[in-house]
Amino acid sequence: QTKAFTFDPGYTSTASCESKITFIDGDEGILLYRGYPIDQLAENSDFLEVAYLLLNGELPSKAERQRFDTSITHHTMVHEQLKNFYSGFRRDAHPMAIMVGVVGALSAFYHDSTDINDPHQRRVAIHRMIAKMPTIAAMAYKYSTGQPFVFPRNDLDFTSNFMRMCFAVPAEEYELNPVLCDALDKIFILHMDHEQNASTSTVRLAGSSGANPFACIAAGIASLWGPAHGGANEAALNMLEEIGSVDRIPEFIARAKDKNDPFRLMGFGHRVYKNYDPRAKVMRKACHEVLDALNVKDEPLLEVAMELERIALEDPYFVEKKLYPNIDFYSGITLRALGFPTDMFTVLFALARTVGWIAQWREMIEDPNQKIGRPRQIYTGAPMRDYLEIEDR
Ligand code: SDX
């Protein structure tokens, strides 16, 4: 049943654009992708089906799904010359630095074949972007480990392919764990889009000038890297490790309330959600599924996270400020259990959010009334005045 949504006039007056892709009701904790609730998609769908939905507005038929899968699968390899960009980075370079550089470089490989005004070339660019991100991300991880790059395979689904490209080594067969691949696929769905967040707005603004879509996605990756945004999953896990044990939670709760202390509870709070982030509930469930599949009985950081959540949700300060766990609160524990190092967490976020970014970019580019973005400002500088010679200053 489709519930009619009414918007607060105040909200629409600050809206940066119109979009049909994602709907968030921050007060009710509702997140819909093309009208479908995020928890239903995470539980029943898979990455490429939700990617198709975000791009095209409807869930695919069997034939549409088959064509989409084939198109994505056959764009997963990267140009052999693209590998040279990795060797220019120090081995200890943050993988997000590599992602910004290599994805930006894709525009040099496809600039001439991407007439963004041509629907077919736009579609190819979109499929290339979605298909190559896992390969580029896995290569960033392999480069940091010193292990050889692993080629994508056409007989594996999107997320299994990514897991294998990250963790397989030539010396032995890599055995995929379907429970872990399914959990990561669910996590990717949760991260796929989120309306006009900082990085999506960056992609839209960059794209509004007609810039190459690959360069626009690189701009989105740069914005996502910030600890207040996509970098929060890495920051949240570092925070849980710093807290270390349940008995130290009150100390950090006090610091989070202290206006003179820059410390914030990472993975808590949100610009839009003033209720529980619906993605955090699914993430917490995925966290338990992964730990159970790995037979991890007593993950101390999960104990700290759940106790911190319990205390914060009862604390009048956080209740009054409507601070709830967001998607990043449980994701770090889960991603580390899946075998990823903390500096790869935001890379995984970028891999999934590429679908939202490119879907929002396309919606903007295909808008017949689309104009270059040009935010205005409130000027608070000096009034007009005459030039002073240096002797008179
Ligand atoms: C993501 O936009 C998106 O959709 C982003 C995202 C996506 O999918 O793209 O959802 C992904 O970025 C999730 C958010 C990840 N970031 C973190 O978890 C970092 C920790 N969170 C905070 O940095 C913070 O909550 C923000 C940046 C997310 C929001 O900060 P705001 O805009 O200040 O939030 P607010 O205005 O609602 O804050 C209300 C009050 C403020 O205090 P006062 O100025 O009213 O006294 O709560 C305080 C804030 O200082 N506050 C916190 C807090 N978050 C807000 N206090 C302690 N700990 C926190 N985490």
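Counting starts at 1 for both ligands and their atoms, following the listed order. Heavy-atom basis, side chains included; hydrogens, waters and symmetry copies ignored.
In this structure, D193 does not pair ionically with R34, as no charged nitrogen and carboxylate oxygen lie closer than 4.0 Å. Salt bridge R255/E251: absent, no basic N to carboxylate O contact under 4.0 Å. A salt bridge is defined here as a Lys NZ or Arg NE, NH1 or NH2 lying under 4.0 Å from an Asp or Glu carboxylate O, and E242 with R248 fails to meet this definition. The pair R310-E307 counts as a salt bridge, with a side-chain nitrogen and a carboxylate oxygen less than 4.0 angstrom apart.
Annotation for ligand 1: atoms under 4.0 Å from non-hydrogen atoms of A256 are 57 (C). Taking a cut-off of under 4.0 Å to the non-hydrogen atoms of A228, the atoms of ligand 1 that pass are 12 (O), 14 (C), 15 (C), 16 (N). Atoms of ligand 1 lying under 4.0 Å from any heavy atom of A232, numbered from 1 in the order shown and given with element: 15 (C), 16 (N), 17 (C), 18 (O).
Heavy atoms of K274 approach ligand 1 to within less than 4.0 angstrom. Using a 4.0 angstrom heavy-atom cutoff, R353 counts as in contact with ligand 1. Assignment of H191 to the shell around ligand 1 is not supported, since no heavy atom sits closer than 4.0 Å. Heavy-atom separations between V272 and ligand 1 are all 4.0 Å or longer. Proximity of R279 to ligand 1 is established by a heavy-atom distance of less than 4.0 Å.
Protein heavy atom nearest atom 19 (C) of ligand 1, with residue, atom name and distance: M266 CE, 3.5 Å. The nearest heavy-atom contact from the protein to atom 33 (O) of ligand 1 is R264 NH2, 3.5 Å. Considering only non-hydrogen protein atoms, atom 44 (O) of ligand 1 sits nearest to K259 NZ, 4.0 Å. Looking at atom 10 (O) of ligand 1, its nearest protein heavy atom turns out to be H270 NE2, 2.6 Å. Counting only heavy atoms of the protein, atom 47 (O) of ligand 1 lies nearest to K321 CD, 3.5 Å. Protein heavy atom closest to atom 11 (C) of ligand 1, with residue, atom name and distance, is H229 ND1, 3.8 Å. Among all protein heavy atoms, the one lying closest to atom 31 (P) of ligand 1 is R271 CD, 3.7 Å. Considering only non-hydrogen protein atoms, atom 20 (C) of ligand 1 sits nearest to F268 O, 3.4 Å.
Aromatic ring centres of F263 and F252: separated by under 6.0 Å. In this structure, F345 has its ring center at least 6.0 angstrom away from the ring center of F340.
Partner of Y273 under the side-chain hydrogen bond (donor to acceptor under 3.5 Å, both in side chains) criterion, out of H194, E28, K322: H194 alone.
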Side-chain atoms of residues 383-392: list all donor-acceptor pairs with protein atoms under 3.5 Å, sequence neighbours left out, distances to 0.1 Å.
| residue | atom | partner | partner atom | Å |
| --- | --- | --- | --- | --- |
| Y387 | OH | R393 | NH2 | 2.7 |

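Proximity annotation for atom 14 (C) of ligand 1: of I327, N326, L31, L323, N326 comes nearest, heavy atoms only. Residue L265 holds the heavy atom nearest to atom 60 (N) of ligand 1 of all those in L190, L265, D328, N197.
The shortest N or O to N or O distance between G267 and ligand 1 is below 3.5 Å.
In this model, no donor atom of one side chain and acceptor atom of the other lie less than 3.5 Å apart for T200 and Q360.
Summarising the geometry of K371 relative to S208, their closest heavy-atom pair is O-CB, 3.8 Å, with the distance given to 0.1 Å.
Sorted by first and then second residue, the pairs that involve residues 92-102 and meet side chain to side chain donor-acceptor pair (under 3.5 Å), not counting sequence neighbours, are R90-D92, H94-E234.
For atom 8 (O) of ligand 1, a protein heavy-atom neighbour is found at a distance under 4.0 Å. Put simply, atom 38 (O) of ligand 1 has no protein non-hydrogen atoms near it, under 4.0 Å away.
The shortest side-chain heavy-atom distance between F318 and K257 falls under the 4.5 Å cut-off.
When the shell of 6.0 Å around CZ of F151 is examined, it contains 12 or fewer heavy atoms from other residues, nucleotides or ligands.
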